[in-house]
J.: 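Quick one: the structure is below, and I'll ask about it shortly.
Each ligand, and each atom within it, is numbered from 1 in the order the structure gives. The first residue in the sequence is number 1, and the count goes up from there. All of these numbers come straight from a predicted model, not from anything done at the bench.
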Amino acid sequence: MAMSSSSSSCITTALTRLVHLTPSSTPSNPKPFLSTQRPFFTFFTLKSSSSSLTSSSSSVKSSITTMSYNKQLAAAKKAASLAARLCQNVQKGLLQSDVQSKSDKSPVTVADYGSQVLVSFVLQKELPDQAFSLVAEEDSGDLRKEESQETLHRITKLVNDTIANDGSYKVSPLSEGDVLTIIDSGMSEGGPNGQHWVLDPIDGTKGFLRGDQYAIALGLLDEGKVVLGVLACPNLPLESIASGNKNALGRAAAGCLFSAQLSCGTYMESLDGSPPVKVHVSNTENPEEASFFESYEAAHSSHSLSGSIAKVKLGVKAPPVRIDSQAKYGALSRGDGAIYLRFPNKGYREKIWDHAAGYIVVAEAGGVASDAGGKPLDFSKGRYLDLDTGIIVTNQKLMPALLKAVQDSLKEEVLPSL
Ligand SMILES: Nc1ncnc2c1ncn2[C@@H]1O[C@H](COP(=O)(O)O)[C@@H](OP(=O)(O)O)[C@H]1O
Ligand SMILES: [Mg+2]
Ligand SMILES: [Mg+2]
Ligand SMILES: [Mg+2]
(Lines give C-alpha, C1' and ligand atoms only; values in the text may rest on other atoms or scores of the structure.)
(Ligands and ions follow the chains in the order given, each with its own letter.)
Protein backbone atom coordinates (compact mmCIF):
# COMPACT_ATOMS: atom_id res chain seq x y z
CA MET A 1 0.00 0.00 0.00
CA ALA A 2 2.74 2.48 0.89
CA MET A 3 4.58 3.96 -2.06
CA SER A 4 7.22 6.21 -0.59
CA SER A 5 8.00 8.31 2.42
CA SER A 6 7.85 12.04 1.85
CA SER A 7 7.59 15.39 3.51
CA SER A 8 4.41 17.36 2.97
CA SER A 9 5.91 19.51 0.19
CA CYS A 10 4.24 19.33 -3.20
CA ILE A 11 3.78 21.30 -6.37
CA THR A 12 1.78 24.39 -5.58
CA THR A 13 -1.71 24.38 -7.02
CA ALA A 14 -2.09 27.51 -9.10
CA LEU A 15 -5.48 29.18 -9.09
CA THR A 16 -6.03 32.63 -10.51
CA ARG A 17 -9.12 34.48 -9.48
CA LEU A 18 -10.52 37.87 -8.61
CA VAL A 19 -12.67 38.17 -5.55
CA HIS A 20 -14.85 40.64 -3.70
CA LEU A 21 -14.58 40.38 0.05
CA THR A 22 -17.94 41.38 1.43
CA PRO A 23 -18.54 41.64 5.17
CA SER A 24 -21.61 39.62 5.97
CA SER A 25 -23.64 38.24 8.87
CA THR A 26 -26.10 36.02 7.05
CA PRO A 27 -26.90 32.57 8.55
CA SER A 28 -24.35 31.02 6.22
CA ASN A 29 -21.73 33.43 7.53
CA PRO A 30 -22.44 33.89 11.21
CA LYS A 31 -20.96 36.73 13.24
CA PRO A 32 -17.86 36.16 15.31
CA PHE A 33 -18.56 34.19 18.45
CA LEU A 34 -17.13 33.92 21.94
CA SER A 35 -18.57 37.14 23.24
CA THR A 36 -16.41 36.92 26.34
CA GLN A 37 -13.22 36.77 24.32
CA ARG A 38 -11.61 38.76 21.56
CA PRO A 39 -13.04 37.48 18.26
CA PHE A 40 -10.57 35.29 16.40
CA PHE A 41 -11.29 37.28 13.22
CA THR A 42 -14.02 38.81 11.15
CA PHE A 43 -16.18 36.67 8.89
CA PHE A 44 -16.36 37.44 5.18
CA THR A 45 -18.17 36.08 2.19
CA LEU A 46 -15.92 35.39 -0.79
CA LYS A 47 -17.76 36.12 -4.02
CA SER A 48 -16.32 35.41 -7.45
CA SER A 49 -16.32 38.32 -9.80
CA SER A 50 -16.74 37.31 -13.40
CA SER A 51 -16.52 40.76 -14.93
CA SER A 52 -14.83 44.01 -14.02
CA LEU A 53 -14.19 44.97 -10.41
CA THR A 54 -15.68 48.05 -8.84
CA SER A 55 -13.92 49.90 -6.05
CA SER A 56 -16.86 50.47 -3.72
CA SER A 57 -16.14 50.80 -0.01
CA SER A 58 -17.86 47.47 0.78
CA SER A 59 -15.72 45.45 -1.54
CA VAL A 60 -12.04 44.82 -1.53
CA LYS A 61 -10.08 43.96 -4.64
CA SER A 62 -7.95 40.91 -4.22
CA SER A 63 -6.01 38.95 -6.74
CA ILE A 64 -4.93 35.51 -5.64
CA THR A 65 -2.51 34.20 -8.18
CA THR A 66 -1.08 31.16 -6.50
CA MET A 67 -2.90 28.99 -4.08
CA SER A 68 -1.33 26.45 -1.79
CA TYR A 69 -3.31 24.88 1.01
CA ASN A 70 -0.34 23.81 3.13
CA LYS A 71 -1.29 26.01 6.07
CA GLN A 72 -4.91 24.90 5.98
CA LEU A 73 -3.86 21.26 5.71
CA ALA A 74 -1.60 21.53 8.75
CA ALA A 75 -4.42 23.19 10.71
CA ALA A 76 -6.90 20.53 9.58
CA LYS A 77 -4.58 17.72 10.69
CA LYS A 78 -4.09 19.34 14.07
CA ALA A 79 -7.84 19.92 14.49
CA ALA A 80 -8.85 16.37 13.54
CA SER A 81 -6.12 14.83 15.71
CA LEU A 82 -7.18 16.77 18.77
CA ALA A 83 -10.83 15.89 18.16
CA ALA A 84 -9.83 12.24 17.80
CA ARG A 85 -8.24 12.37 21.24
CA LEU A 86 -11.50 13.58 22.78
CA CYS A 87 -13.46 10.88 20.94
CA GLN A 88 -11.08 8.13 22.07
CA ASN A 89 -11.43 9.19 25.69
CA VAL A 90 -15.21 9.24 25.46
CA GLN A 91 -15.38 5.88 23.67
CA LYS A 92 -13.35 4.26 26.46
CA GLY A 93 -15.96 5.10 29.10
CA LEU A 94 -19.17 5.87 27.26
CA LEU A 95 -22.15 6.42 29.56
CA GLN A 96 -25.80 5.90 28.64
CA SER A 97 -26.39 9.60 29.40
CA ASP A 98 -23.74 10.54 26.80
CA VAL A 99 -26.02 9.43 23.97
CA GLN A 100 -29.07 11.30 22.70
CA SER A 101 -31.45 10.84 19.82
CA LYS A 102 -31.81 13.60 17.21
CA SER A 103 -35.13 14.62 15.64
CA ASP A 104 -34.44 12.24 12.71
CA LYS A 105 -33.94 9.45 15.33
CA SER A 106 -30.21 9.17 14.54
CA PRO A 107 -27.86 9.05 17.54
CA VAL A 108 -25.60 11.90 18.65
CA THR A 109 -23.14 11.78 21.55
CA VAL A 110 -21.21 14.21 23.70
CA ALA A 111 -18.21 13.28 21.54
CA ASP A 112 -19.93 14.39 18.30
CA TYR A 113 -20.54 17.82 19.84
CA GLY A 114 -17.15 17.98 21.55
CA SER A 115 -15.36 17.08 18.35
CA GLN A 116 -17.23 19.79 16.42
CA VAL A 117 -16.26 22.39 19.03
CA LEU A 118 -12.60 21.37 19.00
CA VAL A 119 -12.26 21.34 15.23
CA SER A 120 -13.87 24.77 14.86
CA PHE A 121 -11.79 26.14 17.76
CA VAL A 122 -8.47 24.82 16.41
CA LEU A 123 -9.08 25.95 12.81
CA GLN A 124 -9.78 29.47 13.99
CA LYS A 125 -6.81 29.54 16.35
CA GLU A 126 -4.44 28.19 13.69
CA LEU A 127 -5.71 30.38 10.84
CA PRO A 128 -6.52 33.68 12.57
CA ASP A 129 -6.14 35.82 9.44
CA GLN A 130 -8.46 33.84 7.20
CA ALA A 131 -12.17 34.12 6.58
CA PHE A 132 -14.03 31.28 8.28
CA SER A 133 -17.07 29.43 7.04
CA LEU A 134 -17.94 25.96 8.34
CA VAL A 135 -20.54 23.49 7.08
CA ALA A 136 -20.88 20.96 9.89
CA GLU A 137 -23.33 18.25 10.87
CA GLU A 138 -24.31 19.22 14.41
CA ASP A 139 -26.16 22.26 15.77
CA SER A 140 -26.89 23.43 19.28
CA GLY A 141 -30.71 23.21 19.12
CA ASP A 142 -31.19 20.18 21.39
CA LEU A 143 -28.42 21.26 23.76
CA ARG A 144 -30.20 24.53 24.51
CA LYS A 145 -33.17 22.63 25.99
CA GLU A 146 -33.64 22.54 29.76
CA GLU A 147 -33.14 18.75 29.97
CA SER A 148 -29.74 18.96 28.24
CA GLN A 149 -27.98 21.01 30.94
CA GLU A 150 -26.01 18.02 32.25
CA THR A 151 -24.97 17.02 28.75
CA LEU A 152 -23.81 20.54 27.89
CA HIS A 153 -21.85 20.65 31.13
CA ARG A 154 -20.14 17.36 30.26
CA ILE A 155 -19.29 18.50 26.69
CA THR A 156 -17.79 21.74 28.00
CA LYS A 157 -15.63 19.86 30.49
CA LEU A 158 -14.48 17.36 27.86
CA VAL A 159 -13.48 20.18 25.48
CA ASN A 160 -11.68 22.23 28.15
CA ASP A 161 -9.83 19.16 29.46
CA THR A 162 -8.70 18.22 25.95
CA ILE A 163 -7.44 21.74 25.23
CA ALA A 164 -5.66 21.92 28.60
CA ASN A 165 -4.02 18.49 28.23
CA ASP A 166 -2.81 19.35 24.74
CA GLY A 167 -1.24 22.56 26.01
CA SER A 168 -0.95 24.31 22.60
CA TYR A 169 -3.45 27.05 23.36
CA LYS A 170 -3.16 29.36 26.34
CA VAL A 171 -6.81 30.35 26.70
CA SER A 172 -9.17 30.69 29.60
CA PRO A 173 -11.64 27.79 29.75
CA LEU A 174 -14.59 28.00 27.37
CA SER A 175 -17.96 28.69 28.99
CA GLU A 176 -21.08 26.68 28.18
CA GLY A 177 -22.30 29.67 26.17
CA ASP A 178 -19.05 29.65 24.17
CA VAL A 179 -19.52 25.95 23.44
CA LEU A 180 -23.05 26.51 22.10
CA THR A 181 -21.86 29.39 19.94
CA ILE A 182 -18.92 27.46 18.56
CA ILE A 183 -21.16 24.50 17.68
CA ASP A 184 -23.33 26.89 15.69
CA SER A 185 -20.33 28.24 13.78
CA GLY A 186 -20.98 25.16 11.63
CA MET A 187 -24.23 26.46 10.16
CA SER A 188 -22.81 27.73 6.88
CA GLU A 189 -24.64 26.71 3.72
CA GLY A 190 -21.42 26.19 1.72
CA GLY A 191 -21.98 26.62 -2.01
CA PRO A 192 -19.99 27.42 -5.16
CA ASN A 193 -18.22 30.61 -4.02
CA GLY A 194 -15.36 31.15 -1.63
CA GLN A 195 -13.85 28.74 0.87
CA HIS A 196 -15.87 26.57 3.25
CA TRP A 197 -14.71 23.95 5.71
CA VAL A 198 -16.86 20.82 5.70
CA LEU A 199 -16.96 18.79 8.91
CA ASP A 200 -18.42 15.53 10.12
CA PRO A 201 -17.27 15.60 13.75
CA ILE A 202 -17.97 11.88 14.12
CA ASP A 203 -18.87 10.05 10.96
CA GLY A 204 -20.22 6.63 11.83
CA THR A 205 -21.76 7.51 15.20
CA LYS A 206 -23.39 4.07 15.23
CA GLY A 207 -19.96 2.47 14.78
CA PHE A 208 -18.58 4.71 17.53
CA LEU A 209 -21.32 3.47 19.89
CA ARG A 210 -20.59 -0.16 19.02
CA GLY A 211 -16.86 0.36 19.67
CA ASP A 212 -16.17 -0.10 15.94
CA GLN A 213 -15.00 2.22 13.17
CA TYR A 214 -15.67 5.96 13.02
CA ALA A 215 -13.88 8.98 11.55
CA ILE A 216 -13.42 12.66 12.14
CA ALA A 217 -13.83 13.92 8.58
CA LEU A 218 -12.76 17.43 7.60
CA GLY A 219 -12.56 18.86 4.09
CA LEU A 220 -12.10 22.29 2.53
CA LEU A 221 -14.10 23.56 -0.44
CA ASP A 222 -12.70 26.32 -2.63
CA GLU A 223 -15.04 27.65 -5.33
CA GLY A 224 -17.18 24.52 -4.93
CA LYS A 225 -14.31 22.00 -5.29
CA VAL A 226 -12.83 19.89 -2.51
CA VAL A 227 -9.19 21.01 -2.28
CA LEU A 228 -8.06 19.21 0.86
CA GLY A 229 -9.30 16.54 3.19
CA VAL A 230 -8.32 14.88 6.45
CA LEU A 231 -9.70 11.66 7.91
CA ALA A 232 -8.80 10.74 11.47
CA CYS A 233 -9.76 7.09 12.04
CA PRO A 234 -8.87 6.18 15.65
CA ASN A 235 -9.91 2.51 15.38
CA LEU A 236 -8.62 1.76 11.88
CA PRO A 237 -5.69 -0.69 12.01
CA LEU A 238 -2.42 0.57 10.58
CA GLU A 239 -2.18 -2.65 8.59
CA SER A 240 -4.50 -3.65 5.76
CA ILE A 241 -8.07 -4.67 6.56
CA ALA A 242 -8.55 -6.45 3.22
CA SER A 243 -11.03 -9.29 3.56
CA GLY A 244 -8.22 -11.89 3.58
CA ASN A 245 -6.51 -10.27 6.55
CA LYS A 246 -8.72 -11.55 9.37
CA ASN A 247 -6.51 -10.42 12.25
CA ALA A 248 -6.44 -6.78 11.38
CA LEU A 249 -9.86 -5.62 12.59
CA GLY A 250 -9.50 -7.43 15.92
CA ARG A 251 -6.02 -6.99 17.30
CA ALA A 252 -3.64 -4.89 15.22
CA ALA A 253 -2.30 -1.49 16.29
CA ALA A 254 -4.81 1.15 15.27
CA GLY A 255 -5.20 4.90 14.70
CA CYS A 256 -4.74 6.33 11.19
CA LEU A 257 -4.64 9.90 9.92
CA PHE A 258 -5.16 10.31 6.16
CA SER A 259 -4.52 13.67 4.53
CA ALA A 260 -4.80 14.86 0.95
CA GLN A 261 -4.35 18.14 -0.88
CA LEU A 262 -5.25 18.89 -4.49
CA SER A 263 -2.45 17.79 -6.86
CA CYS A 264 -0.28 16.65 -3.94
CA GLY A 265 -1.32 13.03 -3.34
CA THR A 266 -2.63 11.28 -0.25
CA TYR A 267 -0.59 10.46 2.84
CA MET A 268 -1.20 8.26 5.84
CA GLU A 269 0.42 8.51 9.26
CA SER A 270 -0.44 7.06 12.64
CA LEU A 271 -2.41 9.23 15.02
CA ASP A 272 0.48 8.72 17.44
CA GLY A 273 2.71 10.67 15.04
CA SER A 274 4.68 8.48 12.63
CA PRO A 275 6.09 10.17 9.47
CA PRO A 276 3.51 10.46 6.65
CA VAL A 277 3.72 7.81 3.96
CA LYS A 278 2.29 8.29 0.48
CA VAL A 279 -0.49 5.83 -0.33
CA HIS A 280 -2.15 4.68 -3.54
CA VAL A 281 -5.35 2.86 -4.40
CA SER A 282 -5.24 -0.76 -5.55
CA ASN A 283 -4.35 -0.96 -9.22
CA THR A 284 -6.04 -4.27 -9.88
CA GLU A 285 -7.83 -4.56 -13.21
CA ASN A 286 -9.37 -7.89 -12.38
CA PRO A 287 -12.74 -7.62 -10.59
CA GLU A 288 -12.38 -11.19 -9.30
CA GLU A 289 -9.45 -10.04 -7.15
CA ALA A 290 -11.15 -6.85 -6.01
CA SER A 291 -12.62 -6.97 -2.53
CA PHE A 292 -15.23 -4.32 -1.76
CA PHE A 293 -16.37 -2.10 1.08
CA GLU A 294 -19.86 -1.12 2.14
CA SER A 295 -21.68 0.27 5.18
CA TYR A 296 -21.98 -1.92 8.23
CA GLU A 297 -25.56 -0.67 8.55
CA ALA A 298 -27.85 -2.21 5.92
CA ALA A 299 -30.22 0.72 6.54
CA HIS A 300 -27.56 3.08 5.12
CA SER A 301 -26.81 1.10 1.99
CA SER A 302 -28.51 -1.89 0.34
CA HIS A 303 -26.39 -4.98 0.97
CA SER A 304 -28.44 -7.03 -1.48
CA LEU A 305 -27.86 -4.57 -4.34
CA SER A 306 -24.13 -4.29 -3.71
CA GLY A 307 -23.91 -8.08 -3.44
CA SER A 308 -25.60 -8.50 -6.78
CA ILE A 309 -23.30 -5.92 -8.42
CA ALA A 310 -20.09 -7.26 -6.94
CA LYS A 311 -20.63 -11.02 -6.88
CA VAL A 312 -23.08 -11.65 -9.67
CA LYS A 313 -22.19 -8.99 -12.24
CA LEU A 314 -18.47 -8.43 -11.56
CA GLY A 315 -17.46 -11.84 -10.22
CA VAL A 316 -15.89 -10.49 -7.01
CA LYS A 317 -14.90 -13.54 -4.94
CA ALA A 318 -14.09 -12.06 -1.52
CA PRO A 319 -16.89 -11.35 0.97
CA PRO A 320 -17.73 -7.65 1.52
CA VAL A 321 -15.80 -5.72 4.17
CA ARG A 322 -18.54 -3.95 6.16
CA ILE A 323 -17.34 -1.07 8.27
CA ASP A 324 -18.81 2.23 9.40
CA SER A 325 -17.84 5.72 8.32
CA GLN A 326 -15.44 7.29 5.84
CA ALA A 327 -12.77 4.94 7.17
CA LYS A 328 -13.91 3.06 4.04
CA TYR A 329 -12.46 5.82 1.85
CA GLY A 330 -9.24 5.78 3.89
CA ALA A 331 -8.87 2.01 3.59
CA LEU A 332 -9.58 2.23 -0.14
CA SER A 333 -6.96 4.96 -0.61
CA ARG A 334 -4.23 2.59 0.63
CA GLY A 335 -5.46 -0.33 -1.46
CA ASP A 336 -7.04 -2.52 1.24
CA GLY A 337 -9.87 -3.14 -1.22
CA ALA A 338 -10.69 -1.83 -4.68
CA ILE A 339 -14.38 -0.88 -4.58
CA TYR A 340 -16.77 1.03 -2.29
CA LEU A 341 -20.50 0.79 -3.04
CA ARG A 342 -23.19 2.89 -1.35
CA PHE A 343 -26.88 2.62 -2.20
CA PRO A 344 -29.15 4.36 0.32
CA ASN A 345 -32.92 3.97 0.20
CA LYS A 346 -34.69 5.98 -2.48
CA GLY A 347 -35.35 9.49 -1.23
CA TYR A 348 -32.37 9.69 1.15
CA ARG A 349 -30.30 12.84 0.50
CA GLU A 350 -26.57 12.48 1.04
CA LYS A 351 -24.86 15.30 2.94
CA ILE A 352 -21.55 16.79 1.81
CA TRP A 353 -19.84 16.13 5.17
CA ASP A 354 -20.37 12.38 4.72
CA HIS A 355 -18.16 12.35 1.60
CA ALA A 356 -16.06 15.51 1.08
CA ALA A 357 -12.92 14.47 2.96
CA GLY A 358 -13.14 10.85 1.85
CA TYR A 359 -13.63 11.87 -1.74
CA ILE A 360 -10.34 13.79 -2.01
CA VAL A 361 -8.44 11.20 0.06
CA VAL A 362 -9.36 8.60 -2.57
CA ALA A 363 -9.06 10.89 -5.60
CA GLU A 364 -5.54 12.04 -4.68
CA ALA A 365 -4.55 8.40 -4.16
CA GLY A 366 -5.49 7.70 -7.79
CA GLY A 367 -9.10 6.62 -7.29
CA VAL A 368 -12.34 7.93 -8.70
CA ALA A 369 -15.77 8.50 -7.14
CA SER A 370 -19.01 9.15 -8.96
CA ASP A 371 -22.73 8.73 -8.56
CA ALA A 372 -24.41 5.61 -9.92
CA GLY A 373 -24.96 7.37 -13.23
CA GLY A 374 -21.23 8.06 -13.63
CA LYS A 375 -21.48 11.78 -12.83
CA PRO A 376 -18.72 13.29 -10.67
CA LEU A 377 -19.79 14.20 -7.13
CA ASP A 378 -20.74 17.88 -6.95
CA PHE A 379 -19.97 19.54 -3.60
CA SER A 380 -20.97 23.02 -4.73
CA LYS A 381 -24.72 22.77 -4.19
CA GLY A 382 -24.92 23.57 -0.47
CA ARG A 383 -25.25 21.12 2.42
CA TYR A 384 -26.56 18.27 0.27
CA LEU A 385 -25.07 16.27 -2.58
CA ASP A 386 -27.32 16.25 -5.57
CA LEU A 387 -26.92 12.81 -7.11
CA ASP A 388 -28.39 9.93 -9.02
CA THR A 389 -29.14 6.91 -6.78
CA GLY A 390 -25.84 6.01 -5.10
CA ILE A 391 -22.10 6.50 -4.79
CA ILE A 392 -19.48 4.24 -6.33
CA VAL A 393 -15.74 4.46 -5.77
CA THR A 394 -12.92 2.48 -7.35
CA ASN A 395 -9.71 2.84 -9.36
CA GLN A 396 -9.62 4.33 -12.88
CA LYS A 397 -9.22 0.95 -14.59
CA LEU A 398 -12.16 -0.77 -12.91
CA MET A 399 -14.61 2.14 -13.16
CA PRO A 400 -16.03 1.37 -16.64
CA ALA A 401 -16.82 -2.26 -15.73
CA LEU A 402 -18.19 -1.22 -12.35
CA LEU A 403 -20.46 1.43 -13.88
CA LYS A 404 -21.86 -1.09 -16.33
CA ALA A 405 -22.46 -3.62 -13.54
CA VAL A 406 -24.22 -0.93 -11.48
CA GLN A 407 -26.44 0.14 -14.37
CA ASP A 408 -27.38 -3.47 -15.19
CA SER A 409 -28.21 -4.28 -11.55
CA LEU A 410 -30.20 -1.11 -11.02
CA LYS A 411 -32.43 -2.01 -13.95
CA GLU A 412 -33.24 -5.30 -12.23
CA GLU A 413 -33.62 -4.07 -8.64
CA VAL A 414 -35.81 -1.29 -7.31
CA LEU A 415 -34.52 0.37 -4.14
CA PRO A 416 -37.09 0.63 -1.32
CA SER A 417 -38.43 4.12 -0.60
CA LEU A 418 -37.85 5.85 2.70
N1 LIG B 1 -30.97 6.01 5.89
C2 LIG B 1 -29.73 6.36 5.61
N3 LIG B 1 -29.20 6.10 4.40
C4 LIG B 1 -27.94 6.44 4.11
N5 LIG B 1 -27.10 7.08 4.95
C6 LIG B 1 -27.58 7.38 6.15
C7 LIG B 1 -28.89 7.04 6.55
N8 LIG B 1 -29.06 7.46 7.81
C9 LIG B 1 -27.91 8.05 8.18
N10 LIG B 1 -27.02 8.01 7.17
C11 LIG B 1 -25.67 8.57 7.11
O12 LIG B 1 -24.73 7.52 7.08
C13 LIG B 1 -23.59 7.99 7.77
C14 LIG B 1 -22.73 6.85 8.20
O15 LIG B 1 -22.30 6.20 7.06
P16 LIG B 1 -21.80 4.68 7.10
O17 LIG B 1 -23.01 3.82 6.94
O18 LIG B 1 -20.90 4.63 5.91
O19 LIG B 1 -21.13 4.50 8.39
C20 LIG B 1 -24.18 8.75 8.91
O21 LIG B 1 -23.23 9.69 9.34
P22 LIG B 1 -23.16 10.06 10.92
O23 LIG B 1 -22.76 8.82 11.64
O24 LIG B 1 -22.14 11.13 10.88
O25 LIG B 1 -24.52 10.56 11.30
C26 LIG B 1 -25.39 9.43 8.30
O27 LIG B 1 -25.14 10.73 7.83
MG1 LIG C 1 -25.14 11.88 12.58
MG1 LIG D 1 -21.62 11.17 8.78
MG1 LIG E 1 -21.60 12.58 12.16
J.: Suppose we only count N/O/S atoms under 2.8 Å; would Asp203 qualify as near the Mg ion (ligand 2)?
T.: no
J.: If you round to the nearest 0.5 Å, how far is CG of Asp184 from CD of Gln116?
T.: 8.5 Å
J.: Taking 2.8 Å as the cut-off, does Ile202 contribute an N, O or S atom near the Mg ion (ligand 4), distance below it?
T.: yes
J.: Is it true that Ser333 and Thr266 share a donor-acceptor pair across their side chains at a distance under 3.5 Å?
T.: no
J.: Taking the ring centre of each residue, are Tyr359 and Phe379 less than 6.0 Å apart?
T.: yes
J.: Decide whether Asp378 and Ser380 meet the rule of one side-chain donor and one side-chain acceptor closer than 3.5 Å.
T.: yes
J.: Which of the N/O/S atoms in Glu137 sits closest to the Mg ion (ligand 4)?
T.: OE1
J.: Name whichever N, O or S atom of Asp354 ends up nearest to the Mg ion (ligand 3).
T.: OD1
J.: Kindly give the atom name of the N, O or S atom of Asp200 closest to the Mg ion (ligand 4).
T.: OD1
J.: Strictly below 4.0 Å, N to O, side chains only: are Asp354 and Arg342 in salt-bridge contact?
T.: no
